[in-house]
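Each ligand, and each atom within it, is numbered from 1 in the order the structure gives.
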Amino acid sequence: KEAISVNSLSYSYPDGTKALKDIDIVIHEGEKIVIVGPNGAGKTTLFLHLNGTLKSKDNTVMIFGKNLGDMKVEERIKEVGIVFQDPDDQLFMPTIFDDVAFGPINMGLDEAEVKKRVKKALSRVGLEGFEDRVPHNLSYGQKKRAALAAVLSMEPRILILDEPTANLDPKSRADLIQVISGLNKDGITTVIAMHDVNALPTLSDRVYVLNRKIVAEGTPREIFSNS
Ligand code: ADP
Ligand code: ADP
């Protein structure tokens, strides 16, 4: 089953910057995909197309066989969750509970279900009991995990992570890689942008190398034996 299908996607920003050119990507349900590419390669721009923040015309982006452009916000958030690189972009409420509950509340779920989802999401990322903590006071690694929990609570089938391991100490990095790997084992399709090639074997079945265009695609072994 195709989770994501991108068909000849090109995108230029309003100022004329050509960010993406003829991108073709097919990701199957349950796959773990890493997208590597230098700064400015278009990774963030691609991700913004995968959750519908940036609109593409025609059938350029399909999510589980549906044209993303035709999906309502409420539909999209159940399919695609994005965790941005900077957790401060995602944590803006007074407590961790409020941040992780934000998505489920907006989905119109009842209070009991919201609480259940917050508890489950926090436990998945190893932050059990953090409900009453103040986001600002957490360590950077804890913030990264809280931001992930705030997306997981919406229970998306596809999880997109932008540089999840950037700026983390080795222990926090290893913890987060374990968490993400566990989510994929539970059936969530994961798409990750990263530079950290050491984590590639754990986090990818397949790698796309992006530099405005897709310049290579293959298993981690194939990609790195050619480079
Ligand atoms: P990343 O961590 O994905 O490499 P960047 O550092 O490239 O992110 O970009 C950070 C933010 O700055 C993004 O929100 C991006 O949209 C914005 N940005 C990047 N380049 C430009 C630009 N030339 N003009 C305006 N905004 C930009
Ligand atoms: P990456 O995430 O791989 O670092 P981005 O998708 O952030 O790459 O950026 C791709 C290109 O688009 C870069 O040249 C960047 O400067 C440019 N860019 C990003 N955001 C904007 C924006 N809001 N306006 C203009 N150019 C942008």
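- Judged purely by atom type and a 3.5 angstrom limit, N51 has no side-chain atom pairing as donor or acceptor with the backbone of G81.
- In summary, the atoms of ligand 2 found under 4.0 Å from a heavy atom of P38, numbered by their order in the structure, are 3 (O).
- Ligand 2 places these atoms under 4.0 Å from at least one heavy atom of A19: 12 (O).
- Contacts between T45 and ligand 2 below 4.0 angstrom, taking non-hydrogen atoms only, involve backbone and side chain alike.
- Residue-ligand proximity, N39 to ligand 2, at heavy-atom distances under 4.0 Å covers atoms 4 (O).
- Checked by atom type and distance alone, the side chain of Q90 pairs as donor or acceptor with a backbone atom of F84 at under 3.5 Å.
- Short contacts between ligand 2 and A41, defined as distances under 4.0 Å to a heavy atom of the residue, involve ligand atoms 1 (P), 3 (O), 8 (O).
- One distance of note links CE of M107 with NZ of K78; it measures 5.5 Å at 0.5 Å rounding.
- Across I192, I25, T189, I27, a single residue satisfies side chain to side chain contact (heavy atoms under 4.5 Å, CB included) together with I33, and that is I27.
- Looking only at distances, no side-chain donor or acceptor of K120 sits under 3.5 Å from a matching main-chain atom of L152.
- Residue G42 has at least one N or O atom closer than 3.5 Å to an N or O atom of ligand 2.
- Within the structure, the closest approach of G37 to ligand 2 does not fall below 4.0 Å when heavy atoms are considered.
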Verdict with reasoning, D88 to K143, per salt bridge (charged side-chain N to carboxylate O under 4.0 Å, His left out): CA-CA 8 Å; D88 290 328; K143 281 187 190 176; 3.3 Å; yes
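- Heavy atoms of A193 stay at 4.0 angstrom or farther from ligand 2.
- A salt bridge links E113 to K116: at least one charged side-chain nitrogen sits closer than 4.0 Å to a carboxylate oxygen.
- Both the backbone and the side chain of T44 come within 4.0 Å of ligand 2, judged by heavy-atom distances.
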